[in-house]
Structure formats: C-alpha cells, structure tokens
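What follows is a single structure, written as structure tokens, with notes after it.
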Amino acid sequence: MARVGVFVCHCGSNIAATVDVRTVAEAASHFPGVVHAVEYKYMCSDPGQKLIAEAIRKHELTGVVVAACSPRMHEPTFRRLVGKAGLNPFLVEMANIREHCSWVHDDRGEATAKSIETLRMLVEKVRRNSPLEEIRVPVTKRALVIGGGIAGIQAGLDLVSAGIETILVERSPSIGGKMAMLDETFPTLDCSQCILTPKMVEFSQHPLATIYTYAEVDSVSGYVGNFKVKIRQKAKSVDHVKCTACGLCIEKCPSKVPSEFDRELVDRKAIYVPFPQAVPDKPVIDREHCIWFSKGKCGVCKEVCPAEAIDYDDSDRVDEHEVGAIVVATGYDLIERSLYGEYGYGKLPDVIDGLQFERMCSASGPTGGRIVRPSDGEVPKTVVFIQCVGSRDDSKGRPYCSRICCMYTAKHSMLYKHKVHDGKAYIFYIDVRAGGKGYEEFVKRAVDEDRVVYLRGRVSRVYERDGTLFVKGADTLSGHQIEIRADLVVLATGVTSADGAKELAQKLRVGFDKYGFFTEAHPKLRPVETNTPGVFLAGACQAPKDIPDTVSQAGAAASKVLGLLSADELVREPLVARVNEDLCISCFACESVCPYGAPERVKRKDAVTGVEIEKAYVNPGVCEGCGACLPVCRPKAMDLMGFSDDQMYSEINALSEPFRVKGEGE
Amino acid sequence: MKYAFYPGCSLDSSAREYRESTEIVAGDLGIEMEEIPEWICCGSTPAHMASKLLSVTLPAYNLVRARAMGVDGVVAPCASCYSRLKTANYRIAQSDDLKDKVERALGEPYEGDVPVYHVLEVLAMALDEGRLEGKLQTNLAGLKVAGYYGCLLVRPPEITGFDDAEDPQFLDRVTRAIGAEPVEWRHKVECCGAALAFTQTDVVLKLSGEILEDAQYSGAHVISVACPLCHSNLDLRQRDIEKYTGINLEIPVLYVTELLGLALGHSAGELGLKKHSINPIPALKRAGVKV
Amino acid sequence: MQESSQNRLREEAGKLLSAAAVEVVVGYGDGHGGDGVRPLFARTPDEAAGLVWNDACVHNLATYLSREPCRQILLRGGKVGIVAKGCDARALVVLLQEGQIARESVHVIGMVCDGVLDPGAAVSGGTAGSSGAVLPKCRQCEVQTPPLYDTLVGDPAGAAAAEGDPLEDVKDLQSMSLEERWSFWTGHLARCIKCYACRQACPMCYCATCITEKSEPQWIDKPSHLKGALAYHLIRAMHLAGRCVSCGECGRACPMDIPVDKISRYLAGQVEEAFDYKAGMDPEATPAFRTYREDDPEDFIR
Amino acid sequence: MASFRPRIVAFLCNWCSYAGADLAGTTRKKYRADVRVIRVPCSGRVDPSFIIKAFERGADGVIVGGCHPGDCHYVSGNYNARRRFYTVRKLLDFMGIDSERFQVTWCSASEGEKWAGVVNDVTDLIEKLGPLEAFKEMGRAVLSDTREIEGVAGE
C-alpha cells in the first residue's frame, strides 16, 4: 500500500502569491495513497528539507512529491535528501508549480486548480515509481588515441603525464603527422620541427605510452569505460628490436617510390623511414614496391643488414586491448588533385600545392630549403599563390572554408620573399580570413613589409605556354581580367577529411558530415565529445583547424578523458530501458532505432520448445535512457525506468475530471 | 532509351551538316531519336532578355510535346537550346509560383521533369554502353583535336550538371574513343562571343580569335564543337578574325558528330564537311586521315 | 491457365514433401462444396494432391507461419513450404525483415496471380482478371509475380492486372467531410465485438502477447464499447503503419463486416506517399519506422 | 461554448521543450492556464497510445514538444518521432477526428516566448474546435444511435 507524502512549497511569494498553497495541500491530502500533505515557505531550505526527512520517517512514506519549482532545478537536491532520509532517491517526483504555473498565470483560481491537477498526476506517477539503484560500470584506466599527428601526440602527452596509460595508433611508419611536414608556422614563423619533434620524443619515451606505428584500428566493441579494440600491426618486415637504425638497407635498396612525406617531389626507397626525425627512427618495408615481395628476388637489404633485422616472413599481427576512453585524432588530407584540372594541378610540374611548398622551404626538405621550379630547378622570380582551391567552391562540391589557407598562404608568400629577395609574389584571394591572435597583423606584414600583392578574385585557368605558366583570373577590385606570367604557381589546396575517416567513424559509432568530418555532440557546448560516450575528438578530424586550435582541442579531449577515468566506477543514472523477455518477439526494431547500439541479442530458451531463440537485451552501461525503443516495441516488451509505461499511463489517467476551486476559476 | 529530338532553328539553316551528321551517327550507334512534331523556338537569348516567364514557357512547350511522345528524354544538339530547355526545367522545379504561371500559359500541368540531354551526353552514354565497338572504319590515329565546349554546355553547373564546369571531359572522351588524340588547351570553355556576333562583332572577333589561336598553338589539326553558334563564330568568321588579329589561322572546325561520322567510315560528302568555310580536308590529310 | 498452374503446384508440393525438403506445405484446399477454398496443410504427397489453385484463393497464408503448427516446426529448425500470391509474398518479405522467419527455412511456392475474386461480390465462372469482381487490392497489381519465391508457378508474361484504383474505396472516404467520416467509423466500430478476428487473420500481427491482452497499464479498454473499439483500431493501425501489405485479410475476416482494412490500406498509402516506402517489396530495405530522413515532412509542426 | 475551457495535455521533452517552458516561467511570459504538462525524456518516447489515451481521458487537444531537428539530446529521437506524429495526424483525420487537435512543436530551451505563444495559439484553436465529444460521450449508449448515423453515412 502506497504511502505518499506531498510537500507544497511557497517559494516565498513566488508560488504562494498566485497559488493558494493551503488549498493545494488540503486537496492533495484527499488523493488516494496520500498519507501526509503539508505546505511550507521554502522546501529546499534546510528546515524545509528537515521537514521532509522527518515526515518520511514519521509517516513511513513510500513516495514523495514536492510541489515546487522545476525538477530541472531541484530534483537532484530532493533525490539526495530522500536518499539520506532512508528512502530510495528515485521515489521522489516534483510537481512544477512555479515555472509552469505561478510564474506564467495570473488568475489565482486557475493557477491553483492547475497546481492541484499537476500534483495529482505526479502523485499517481510516484505511486508507481520503483526503487532504482545507480548503475555502476567499472572503468578501464587506459586510453586509446587514434592518429599520431600533433592532435594525437598532444592528447597522448597530456594523458600520460596525468598518469594514464595511453596507446597511440598511427597508420604511417612514424608519428608527427602533417605538422612534421611544415617548415615554419604562422603567425610566429617558428620552425615546426623544432617545436614538434621534442614532443614526439617525449611521448615516445614516456613509460606509460605505447605507440603502434604502421598500424590501424581493426574494430572497436564495448562501451564507455569498457571498450575492446583490435589493433592491426601491419608487417614492418624489420625487427625493430634488432635494428640499429644504421640506414645501410635504405642506402642500398634499389627500388624507388615517390615519397609521401615529401609530397612526391623526390623518391624514397621501398625500405624507408619517412623522414630523418621520424619516431620510431627505424625503417619498414613497403611490400607493394619491394622487389623481393613483388618479384621474389633482390634481398639486398637482408644481405647488407649487419644486425640481421630484416624479416621477410614477418606478418600482420592483431593485438587486442581494453581501454576506457578513445580520442580520435585522425587529422585531414588535401583535396584530390584531379579536382582542379583547369589549374593544371597534377599535370603541370610547376603547379604545386601548399604542402609541396612547405617541403621545399624546409631545410631538411628535398631541396635543402631552396625554393625552385620542380621542372628545371631554377629559382622562380614570380610566384602566384591561389587561395580557396577546393574551399568555398560549391561547383566543386567543397562549400566550406578550410580555415588555414589564408594564413599559410600569407606565410608562404613571406617565406618566399625572405628567400628570394627580388622575387614577386601575387596572391589571388576571395576574402582574407585572419581571425586569430596575431593573424591579421601577420597578413598585414606580408603586404606592408614583404610587398606581397593581393589580388581579389578567382583564377579561371592556369596554363603553360613556351615554358612559362600563365595565370588567368579576375581582379574584381579593378574589374579587369588579368593574366600573370608565373614561374611557379602554389595552390592553397583545401582541407578534406582523412582517407578512411568514414569507415573509422562507423567502427566507433560516431556521426560524420557529408564531407567525412566527425560530428561533435554539440557544436558549441560539447565540441570535443561525440554522441558515443567515451569517444572524444581532437583536431582536424572534426573540422579544418590550425595548430593552436588543434592543440587546445587535444588538451580539452584529454581532460575529458581524465575526468572520465578519474573514478574507479562510472556512476550512471539508472533511468535506462529494460526488456521483458517473455514479451519480446525478437523483431529487433529497438536495435535499429537506438542511436547508441544499446540493445543486444542474447540467446534464450523458448519456454515451449526449449530451443534457443534470440531476445533483445539492453546494455545498461550503454543505454542513455531516451526511450526511442519504446514506441517501436509493439508488444511493449521494452520499458524505461523512471518514465515507465505504467508511470506515463497513470499520469495521463489522472487527467480525468478537471478540478475546480469553489467560487474561483470558473 | 528512346529520345525526342529537338533540332532548334540553326540545324535547318546554318548548321545543316550538324543535323545530317547527327542523324547518321545516331543511326549507326542505334540511338533512337524522333523529332518533336511542331516544335517551336527555345527562346534563345532574346526571350530571357524580354521576359522570364516567356523564356521558361517556350522551352516548356516543347518539353510537354516531347512528353506526349512517351520518350525517355529530349536531345538537343545546340548548346543554347540545351541550356534553355534545362534552365526551364530547373526554374519550374524551383518555384511553384512560376510553375503555376507556366502551366496556365501551357494550359496543362508540367513538373519540369522531362530529362534533357545534349547530343554529347547521349554519345558519351552510347560509348559507355560499348555501342562503338567493332564499328570504327577509318583510322584517326594522329589526328589532334581541340575539343571546344564553349560556355552554355557546361554553365551554370547547378543547371547543366555537366561533368566539370571548368575542365569538362565529354568531348575528349569521344575523341579518344574514335582513336584521335585530344590536346591539352586552355580555351575549352571560354566564351566565343556567341550572339554578340550581330551586335558587337569585334568582341566576337577578339574572343573567338583567342580560342582559334590557342587551338592552333596547342598543335591541334582541327577543333571539334558541339554547338552551331560556336561553329559559325569559329568557322564562318575565321577570315575576318585573321584580318582583325593579324594572325593567319587555318584551323578547320568540325562538329563532334562529323568526326565520329568519319571514324564510322562515312564520306566527307555525306557528313557535309564541304559545307564549312574552312575546308577541313587538307588538315585531315595532313594528319594522315584518309578522306 | 489456372488448371495447368494447379497441376504444377500439386507436382511441386508433392516433390517437396516426398523429398522431405519441407515438413508441411501450407496451401489451399477445397472448401465445403461450392467454389470456395480453405487453407490446407499438406504433410504428405497424397495430401498435396488435394491442393487447389483458382481465383477463390484469397487467404493470405503467410499468417500461418507465425502460428501453429508452423511456428513449432520453424522453431525446431524444420522447414515449411508455403503457397504465396504476390501480395502474400510481400507479407513474407516483412516477416523476413523483422526476423520472424529465416529465408532458408521457408520454401515459397510463388503463384503468378491475375487477381482473386471478392468473396463479397457474388460471381461465378470466368477468371477474376476478366470479370470486374476482383478484390480492390488486385487492381493495378504490381506483384502479379511475387517479389519473393523459390519455385514460381505460372507464366509472368501471361498475367494481366485488373483495371481500376485499388484505393478507390479509401479515396471515397477521404473525399467525405470530417463529420461524415466520423459517423461512418462510429457507425461501423459501434458494432465491433472485439473478437480480434482481424488480428488473427493479419500476417503482421504475430506478437506472442498482444497489448490488447495487457492490463496494468491498460492502454486499450477491454470492453467492446465504441471507446474501446476505437482505441483498439487506432493503435492497431499505428502498429501496422509501414508494415501493412494491404492484403485486406483483416477486413475479410471481420464477422461484423467492419471494413477495418480501409484503415491500414489508407495508412500504407500515406506512408508510401510521405516516406517513399512500400512494405514488403524488398527484404533488404529498412522499414519506414525504423529509420528517418532529415527532409521528412515537417510542415505540420509548429 | 463560452464556458468551455479546453483541456490540453502537453508531453514535453526534458531537454528542450520542458526547459523552454521553464524559461517562459523565469521570464514571466504569461499564457493560458489550460495546459497540463507531462515530462518525458525525449519526444521519441511519446507513444501514439499516449495521445489516444489522453483524448480518452478528456483531453480536447494534445501537444508534443521536442527539440528542433538536429538538436535532439539523443541524436535522432525527434526525427523518429516526426514520422510517427505525421502518421498519427493522418490517421486521426481519416477516422474523422480533427488532426488539429494533435499538435507538435519544436521548442528549444531558449524559446520560452515561443512556448507561451504555442500554448495560447493551440488553446484558442481548441476553443474554436470545441470539446472533443468524440471520445467523451462514448459508451454503450452510443451503440443505438450509431445505427442511424450509419444510415446517414450511406452504408
């Protein structure tokens, strides 16, 4: 037999001024199941809370309804209170007679009637509340970082230095990512390698860090606090324990391949280390281009290796790890070359992209830092930079802004002028977007000090004639079509999502937009979380970003992970869905509408035949309690704790015959 | 696929050879086309200068007639017609208000849903279906072709939806398919001056001049086009252009269908090659094509 | 035509049973005299010889798969053969989508069908296709050849769909005023005796425990007064939305001649119109209410 | 009809609409007092049977409030719900019940004013439509006279 206590709050005059609280309490005392009903000035105040706690004991209440403000305001307060008073914290409900009543109505009669009816609904509900225990999920205090660029490295460093064991998976043979390819960085022009490589080394040498390079994430199962990840270590064909990184094998390898790291400006060998400062600094064999693996002969590297580290029989290995949280930091790629045939991108040798230019400027790059024409090695006297190549261009299906091009183009033009003092630099732009600390000043410097010429307009065509390039475009400020002879053309190629991002997103059950960028849980308030609890985003995999933003997001993601892993157990509200297996008809509609993958299939014996059939089971560790699975469950086998069918029904049921306050409200 | 054929005015006047070669080629490749009975003007440039409603209603009228023929789509050989027909569909689909007006003018409903193709697209589809296989008679190897698209075929992209507004490939694909060699050149989608020919001839002379000059520079033996107006500007006016620019040009301009016809073994006569003001025969011979 | 199909059907069913490829073939057998038919569960080749195929074969036999004895057989991992017209096969597709049957455990003998006679309309002789007396659902039939079958009986080329609008009767209702529709339905539903024949006849109503049998909470009032009837039929309609294959069996089964099939056939039309989804056409498709599109109809929302 | 006070039930999702209604309160936006609110975690939780039961229990109108498309706290709850609600409205209309009695609104936590407006508009609307006798006066009594109605309906 239910013993409900009703506590009506005046909230000073906030409620009492418009609602006749005495009448409300009086009416409530006659509701079925109500054994105690009182009003008080401030229920949330200390004396107010005492009053409730005492009533719970004195009247052996089995349920409590507080008629006061919005549950979004004080539900936690009163749950804590009844919990302390020895009642299950989920046996309390709040009737919102302030925000939804006294503050929005003037007529005392109407407001009072509404309060009473609302209260009655919640009394009916609370009578059907069941005591619930918080769900406690064990937490594996280990993190996985996917991607070894600056975002991944930063997140990894923050995690290990906070004492969290961290596994980093990088698909290329070295960590460092795109930032390692850059020469100097805007707006300070400090050397990218100089600030990055120390971090790479620090992370790789940290005792709590495990790095997988030349590896990929095969699969991810489990849920927040308890993910199981399978990592595929691609065969390196070189025993990194034995290898002394002497480099003899690389030197002697006869097979040449265009270098990815140097953007194909030069070749690398089939056995290679992407770049001198690579971490690890030991080589892998690219089997696709290795003569031994393609033709079955050669074997030079094996012969010359003094440490006998070459292992042709090496094979892919799949390691399984348990982690509590995942940081996705897979970065970005540049738009495909074929997209801009009219600029000769990929056709004309002296039309290069931003990263190629970076490699050229880099002292450790293929030209030793000299800016030259790929075609003939001459120093270009005129360089034209074209912005928004693959950004803000609807007709190419790339409507978004890549955010970094305006700044790196300004930087490129400066680096060029600093190296070629008598050179001319032109920049075609749509708008210059320099919203960042010191950015606008930086662009200004390019114009004022380095005399870079900015031309506002799009380029229609880049073509080659008699060995020179011509850039044909419009100068919309002067209103003229212009054609510029150029020795070198640098395209500010736009940013697109990393190759394979969508596949990864699906493995992680994370959303992504039509360009393949991962979707954050909320664009403003939850920018590093995803809708999959325990999976966080860092860097350009979420949207184009520059280094400062990437690093801050990586830090933010790391701190979210730390917050998550700080407790031994994850405490989750028990307001989750549950399946009545006897009613479940195994249609698994729940499975298809659940955005979290909470419903699972479990084998159960059929009562009649004794054969095993699959039934739905909701993993309480994963369920977020939205209830989307209920309306699609026709036999109503699915129910939602805290908003159960029974509770909903009784609230609706309590609607019948309106309450009228005598003499008022009519 | 069965198509309704919308020739447009020039195909019965200045561009007869385009019509003839198109019909010949279509026949050979088994592309079913039937002319829209009593088709009317597409409105071309004047209509949309005068009235938006008119510029949409005229093409719509023709599309509705095509619909009555129960075909899979309409084929237009002229870039301008193509553009007008497609634009009409686009606008009707975009605005209910306009749709109502047009339907009132037509006296029957039209959703803007009759597909419109340019001859080039239909040819490319035929190639993809391998309809050319085993049909090539004349060897065109060594013939360098500058494929010229002009503007209306490819622009605006949201309306024409051609493969790539800035660097289209259809013509080049056809050229390759018939064994000839498409050249890399920069003017494939530049404007030829189009209708300004009648009002500001010098503009046409300048623009078309640049196109011809670049084609010649690129080493092309011939230019292939898919639009009567482009053709007359580049071919008919080539002499005036020489005078105007002072560059000697001798670069024949052929309809893509004519080149295809040659490859399929038809004679210069059948294909109306002799109708051009710049005789293509010498250039073709130079390239080692037997004609 | 039907004659030859019938022979072929008997032969195929016979083969299946004698080869023990299936434990039972669910098909049609002779009714008690007249030209009516009734479901026949053939377990032996001899019984299979009693199978019939003519334009009185209206029943959607898919219903029996989720009921005894088929349910038991399927649970045991046994195989069942079933005779299915196009519309019936659509129901099989939905059962597949909803994991109620495994494809390999059901052998579908698909019947090319040019329409079945409306039992309500009194006619005899002549093929359904020719006479105007086919069921409304047979008009403009798109599934004369079943979307799903293992053995096909009949010549797809030979089939000709009847003229007319399958939703004519529904549209008549739609053209009425709100009040007219209300009185139409109250008029009919007031007769509902909650016998649940419509539910039993429906291949999509396979819940072990229907919510009509649930109390605490009691979403549907048990008594058969109008209120309870209305709630029942409304909720049933929602349960069938996006799943109903418009076979019309619910309406045919109603002993009180309540045209309940109108409701779900109407909703099926609405769902197809709004969400571009037609139930039971493609086993791979995602059912309408298990998914959404960002550009779904929105104009009714404030 | 003057004395008729519509009874309206609103199912509000906890994250957007309920919070929006709270905001209407904190900003003191006055509105009609005929609405009774039932809190649900998400508009995707609202089962059609809730709506039907509410009508049975004497509601003259029902409102469901959810997050704007794309803002759902649970990713896609409101999208799933939207399909169902669309269908419910079609169904009600087909059965002869004015579908305007079932209203859906996307109301964010920042749209207190919108909520107040929606309540007032819907209340006025339901007032015009009058009480939903449909469900109310039903019982065996109806049985008899429906026979005539049936005649009227031309069956």
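Quick note on labels: first sequence line is chain A, next is B, and so on, each numbered from 1.
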Inset, instruction - Give a yes or no on whether the ring-centroid distance for A/Phe357 and A/Phe385 is below 6.0 angstrom. - result: yes
Inset, instruction - Verify the distance criterion only: is there a donor paired with an acceptor across the side chains of A/Asp475 and A/Ser478 at less than 3.5 Å? - result: yes
Legend entry - Pair B/Asp167, A/Tyr345: side-chain N/O donor-acceptor within cut-off below 3.5 Å: no
Legend entry - Which portion of A/Asp466 sits near chain B, non-hydrogen atoms under 4.5 angstrom: both
Inset, instruction - Write down the atom of A/Tyr515, the atom of A/Ser497, and the distance for their closest heavy-atom approach. - result: O-OG, 2.6 Å
Legend entry - Choice from A/Lys347, A/Glu464, A/Arg461 maximising heavy atom contacts with chain B below 4.5 Å: A/Arg461
Inset, instruction - Below 4.5 Å from any heavy atom of chain A, which atoms of B/Asp164 appear? Answer side chain, backbone, both or neither. - result: side chain
Legend entry - Contact winner vs chain A - B/Glu190, B/Glu158, B/Lys188, heavy-atom pairs under 4.5 Å: B/Glu190
